[in-house]
Amino acid sequence: ATIRDFPGVEFVHFDPMELFGSTQGKVITPSHTTAITSQLAQLDIAFARQSGCATTPWICARFKTGQRLVNLMAVGVPVVVWGDNAGF
């Protein structure tokens with residue numbers, strides 16, 4: 001099955017560099033946190049996995065994805081967790 005088989009389903013990717021380019025994708029102000037929270041709250045379900053960590057993959061696999069999971073759970077979004085992440 002592909003996404004074309006489910007017309008009501010939409011794939012959404014939040015790119016922090018696109019959203020917060022002036023701070024190199026880092027969420028550093030309360031207004032950034034509010035923007036992220038309101039975007040996450042619009043999701044029906046989410047998938048959390050480690051990505052984009054070329055320099056210290058061991059640390060990212062244990063901590064970065066855990067924060068993603070916590071953020072999604074904080075706004076009440078059901079989350080499917082990628083199985084190879086030790087941070088969960």
Side-chain angles (χ1 to χ4, degrees):
T2 66
I3 198 164
R4 286 183 223 107
D5 298 328
F6 302 94
V9 175
E10 178 184 2
F11 176 79
V12 180
H13 176 255
F14 298 128
D15 182 358
M17 285 299 290
E18 183 179 318
L19 298 169
F20 310 112
S22 64
T23 58
Q24 298 167 342
K26 295 177 176 67
V27 177
I28 60 173
T29 69
S31 64
H32 288 168
T33 304
T34 301
I36 293 291
T37 302
S38 61
Q39 284 183 334
L40 293 177
Q42 295 175 25
L43 300 174
D44 294 322
I45 188 169
F47 296 85
R49 63 181 290 265
Q50 185 266 330
S51 64
C53 189
T55 56
T56 52
W58 183 87
I59 291 174
C60 288
R62 283 153 182 78
F63 300 106
K64 188 174 185 180
T65 52
Q67 186 62 51
R68 291 177 182 161
L69 174 63
V70 170
N71 291 341
L72 289 159
M73 290 175 63
V75 296
V77 176
V79 184
V80 175
V81 179
W82 204 257
D84 65 348
N85 288 300
F88 300 119

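None of these values were measured; they are calculated from a predicted model.
Follow the hydrophobic side-chain contacts under 4.5 Å out from F47 and you never reach L72; the two are in separate clusters. A chain of hydrophobic side-chain contacts below 4.5 Å, direct or via other Ile, Leu, Val, Met, Phe, Trp or Tyr residues, connects V77 to V12. Residues V75 and L19 are members of one and the same hydrophobic cluster, defined by side-chain heavy-atom contacts under 4.5 angstrom among Ile, Leu, Val, Met, Phe, Trp and Tyr.
Across I36, T37, L43, a single residue satisfies side-chain contact (heavy atoms from CB on, under 4.5 Å) together with Q39, and that is I36. Of the candidates L69, V70, I45, V79 forms a side-chain contact (heavy atoms from CB on, under 4.5 Å) with just one, namely L69.
Considering every non-hydrogen atom in both F20 and K26, the closest pair reads CB-O, 4.1 Å. The two residues P7 and D5 come nearest to each other via the heavy atoms CD-O, 3.6 Å.
Other residues, nucleotides and ligands place no more than 12 heavy atoms under 6.0 Å from the CG atom of D44.
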